[in-house]
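To keep things clear, I will list the structure first and then write my remarks on it.
As the structure lists them, so they are numbered: ligands from 1, and atoms in each ligand from 1.
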Amino acid sequence: MVPVRYTGAVSAIRINGKETARKKREEAAARAALLRERGIVPCLAVVLLGEDPASLSYVSAKERALEETGMAGRDIRLPAETSEEDLLALIAELNRDTTVHGILVQLPLPGHITGDRVITAIDPRKDVDGFHPVSVGNLVLGRPGFLPCTPHGVLVLLQELEIPLSGARTVVLGRSNLVGKPLANLLSRREVNATVTICHTGTRDLAAHTREADILIAAAGRAGLVTADMIKEGAVVIDVGVNRVPDSGMKRGYRLCGDVDFVPAAEKASYITPVPGGVGPMTIAMLMQNVIEAAEAQGAAG
Ligand code: GUN
């Protein structure tokens, strides 16, 4: 059992992701209203296979956000046994449907389906997750394109707080395709200009790297991985981890926590994101922005 403490003195400034996300969602809502005046209702198709509890909860949050932002959601729930062929046929249909501007297939997919094949089947113009190889290529090359929502949310959060990024020693903990890799690319873009180190399970003496970080971003998916002794005094700590830790004291039987041991870490950091309420809301806000951009581009293309 991972020791997670949520009480005690906290000296760091707690970053309120909900507040920044609300601001970004209001901007998206204003753009959605302009589109609706032109007869375009931005629409995201959300495809979920199976009933993984975490995925169900993410998908519901996305659908609520669409409604609140004045956009349409096409909620497509399929059994976990759906064949890859049927899923690819559905994506082909959604690609052709001019009333659908964005397509999101909730990950992870069941084991019998090749995620890469499914992601690649989505029309890049509707790839609001930013996972398609075309979007990834654009990101790496610094060209315009859909940015993946969580890495983009982290960047916007840091920028909104006016955290100096140029030249900042930044450690990204985790090298996933969804977060670590794109985030490292985004932060090292010339216009952001951070100095980025990616650490992962093969990193020797992890703490020696993290203790050098002005900005430490934990995206490893392991509760309690980052302890206070791994953090430089005054560092900015961004926790992307969302872990379900069993807790019999909670009605639902678990509690959500990040990768960072929050309370001791908050005594050392200057800024820190909580879990929940930090990066998570930003992910959804950036998704809303991508759907708007997809609808605007498809509207302009007629
Ligand atoms: N599963 C966890 N995060 C995400 C996400 O950002 N997009 C999709 N499609 N699936 C996810």
Side-chain angles (χ1 to χ4, degrees), residues 17 21 24-25 28 43-66 73-78 80 82 84 87-88 90-91 94-95 100-111 113-124 126-136 139 145-157 174-183 185-186 217-222 238-244 256 258-259 273 275-276 278-291 293-294:
K24 295 293 157 190
R25 275 164 61 165
C43 175
L44 173 67
V46 180
V47 183
L48 173 64
L49 267 67
E51 295 185 351
D52 172 66
S55 292
L56 278 167
S57 133
Y58 290 141
V59 162
S60 306
K62 287 167 190 173
E63 278 157 3
R64 268 197 313 277
L66 285 166
R74 181 91 53 92
D75 180 14
I76 304 169
R77 311 255 171 136
L78 299 170
T82 303
E84 186 173 300
L87 182 56
L88 291 173
L90 169 69
I91 289 170
L94 294 171
N95 282 342
V100 169
H101 305 99
I103 302 170
L104 182 147
V105 179
Q106 186 65 28
L107 303 174
L109 285 163
I113 291 181
T114 310
D116 268 356
R117 215 173 283 152
V118 172
I119 290 166
T120 308
I122 295 171
D123 184 329
K126 299 190 179 187
D127 174 40
V128 290
D129 253 333
F131 295 161
H132 191 286
V134 167
S135 303
V136 177
L139 164 60
F146 292 115
L147 295 176
C149 305
T150 299
H152 192 198
V154 169
L155 176 62
V156 169
L157 207 46
R175 57 177 153 187
S176 70
N177 287 342
L178 268 61
V179 183
K181 272 193 244 173
L183 186 52
N185 268 290
L186 204 48
I217 304 173
R222 263 181 57 198
I238 305 291
D239 194 348
V240 185
V242 184
N243 307 293
R244 291 182 170 207
L256 282 185
D259 291 354
T273 57
V275 177
V279 174
M282 289 303 294
T283 298
I284 296 187
M286 296 300 104
L287 175 66
M288 297 303 112
Q289 194 172 304
N290 278 353
V291 178
E293 276 167 21

Nearest 0.5 Å please: distance from the CZ atom of R117 over to the CG atom of L87. 11.5 Å
Can you list the ligand 1 atoms lying under 4.0 Å from a non-hydrogen atom of L104? 9 (N)
Does only the side chain of L287 get under 4.0 Å from ligand 1, or the backbone, or both, or neither? Count heavy atoms. neither
Within this structure, what is the CG-CD distance for the pair L147 and Q289, rounded to the nearest 0.5 Å? 9.0 Å
Return the CG to CG distance between D75 and L48, rounded to the nearest 0.5 Å. 8.0 Å
Using a heavy-atom cut-off of under 4.0 Å, does the side chain or the backbone of L107 touch ligand 1, or both, or neither? both
With heavy atoms of V105 as the reference, note each atom of ligand 1 found under 4.0 Å away. 8 (C), 9 (N)
When rounded to the nearest 0.5 Å, the distance separating CG of L44 from CG of L66 is 5.0 Å
For ligand 1, which is the ligand I care about here, please tell me if T283 has any N or O atom under 3.5 Å from one of the ligand's N or O atoms. no
Closest protein heavy atom (residue, atom, distance) for atom 11 (C) of ligand 1: Q106 NE2, 3.3 Å
With the threshold set at under 4.0 angstrom, would you say D129 reaches ligand 1 through any of its heavy atoms? yes
Distance check, rounded to the nearest 0.5 Å: M282 atom CE versus R25 atom CZ? 11.0 Å
Hey, is ligand 1 close enough to L178 that some N/O pair sits below 3.5 Å? no
Atom pair CD1 (I122) and CD1 (I91), whose distance is rounded to the nearest 0.5 Å: 5.0 Å
